[in-house]
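What follows is a single structure, written as structure tokens, with notes after it.
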Amino acid sequence: MTRLYFIICMLIGGACSFTQSQETPLNMTESEAVSVESDYDSVRISKVLPQQIEAVKKYIQSKGTVYSSRRAILVDMKIPSKYFRFFVVDLKTNQILSKGLCAHGSGSEIEGTDSLQFSNVPNSYMTSLGMYKIGNAYQGSFGKSYKLIGLEKSNDKALARAIVLHRYGCVPDEEQYYPICNSLGCAMLAENYFEELIPMIDNESKPMILKIYY
């Protein structure tokens, strides 16, 4: 796309400006660009995810028999929103059972950077980091949704902030070239993926843990 734009500009003798951070570099195809960024994400999955799984296991063990020791959900906010960063994991085998796109809060974005910020403050529209208990399902404005109960100081206002796990039409099913839409602080998933997730949550005999980390 960028190469074609450059050729047209040369033919018409016009002045063209390029923003490399938003376009594929001139010497790289779009598929190659995605591959480069995916390598970064694979490091998060191969190195960081196992560490986070162990942390969740230890938390669950410390609480006795309160939470499911079979499955948990981990959300890596360091992975850009255009890539899969929502993972359902098997706590017995450490394997990823399911993965999808997940939106972060609009207030978490820092203008002019790719970094995110996080807050537990009401009306901040930011995502909150930490361990959550996936609570009861309810029928709301987004259809079936799940309450999220914050279990740490960093997210203990989740109920008061109405932070929930829900679906929304603007979240696509597949990975993208560009960032996806934002939420108001909720963990927001694609409609089709949410349907896939429902039986995984509902079939657990004990509440599942969801952890958001960065």
Side-chain angles (χ1 to χ4, degrees), residues 49 52-77 81 84-92 96-108 116 118-171 180-214:
L49 182 60
Q52 293 295 333
I53 291 174
E54 290 305 314
V56 168
K57 285 182 181 179
K58 288 181 180 178
Y59 180 85
I60 291 172
Q61 290 170 358
S62 73
K63 301 302 178 181
T65 59
V66 176
Y67 302 110
S68 171
S69 60
R70 291 199 327 134
R71 294 173 178 172
I73 295 173
L74 292 98
V75 188
D76 189 343
M77 287 293 168
S81 67
F84 295 140
R85 58 179 177 178
F86 183 101
F87 307 104
V88 181
V89 298
D90 185 320
L91 296 176
K92 305 296 185 184
I96 296 173
L97 300 175
S98 178
K99 57 187 177 180
L101 298 175
C102 181
H104 56 252
S106 60
S108 285
L116 297 178
F118 305 93
S119 175
N120 196 28
V121 175
N123 301 316
S124 66
Y125 300 146
M126 293 189 197
T127 296
S128 297
L129 301 180
M131 302 269 192
Y132 294 83
K133 167 188 171 182
I134 299 181
N136 294 333
Y138 70 97
Q139 289 293 327
S141 55
F142 303 109
K144 184 171 183 175
S145 305
Y146 295 90
K147 295 180 179 179
L148 293 179
I149 297 94
L151 302 174
E152 300 186 80
K153 187 72 175 177
S154 59
N155 63 4
D156 60 5
K157 293 183 174 63
L159 277 178
R161 295 178 62 202
I163 300 300
V164 302
L165 179 63
H166 71 85
R167 74 189 88 198
Y168 198 61
C170 73
V171 180
I180 65 171
C181 56
N182 296 326
S183 71
L184 297 182
C186 294
M188 195 166 74
L189 309 176
E191 292 182 333
N192 290 332
Y193 182 65
F194 192 86
E195 284 298 318
E196 177 185 328
L197 188 66
I198 287 174
M200 295 187 184
I201 296 175
D202 290 353
N203 290 339
E204 289 296 315
S205 59
K206 297 175 182 177
M208 289 175 64
I209 289 291
L210 180 151
K211 184 178 184 183
I212 300 177
Y213 58 97
Y214 188 66

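Source: prediction; values computed, not measured.
Side-chain contact check for Y67 versus Y59: some heavy-atom pair is nearer than 4.5 Å. A 4.5 Å side-chain heavy-atom check between I73 and L197 finds at least one atom pair inside the cut-off. M77 places a side-chain heavy atom less than 4.5 Å from the side chain of V75.
Using a cut-off of 4.0 Å between Lys/Arg side-chain N and Asp/Glu carboxylate O, D202 and K144 are scored as salt-bridged.
Considering SG of C102 and CD1 of I180, their distance stands at 7.0 Å, rounded to 0.5 Å. One finds the CG atom of D156 at 5.5 Å from the NZ atom of K153 (value rounded to the nearest 0.5 Å). In this structure, CD1 in I163 is found 11.5 Å from CG in L165, a value given to the nearest 0.5 Å. The distance from the OG atom of S128 to the CD atom of E152 is 11.0 Å, given to the nearest 0.5 Å. For the atom pair S145 OG and Y138 OH, the distance stands at 4.0 Å (nearest 0.5 Å). Here the NZ atom belonging to K63 is positioned 10.0 Å from the CE atom belonging to M131, to the nearest 0.5 angstrom.
More than 12 heavy-atom neighbours from other residues, nucleotides or ligands sit within 6.0 angstrom of CZ on F142. Residue N136 qualifies as open at atom CG: its count of foreign heavy atoms under 6.0 Å is 12 or below.
The two residues Y125 and R161 come nearest to each other via the heavy atoms N-NH2, 4.0 Å. Here the closest heavy-atom approach between residue K99 and residue I96 is recorded as CB-CG2, 4.4 Å. Closest approach of A158 to L148, counting heavy atoms only: CB-O, 3.5 Å.
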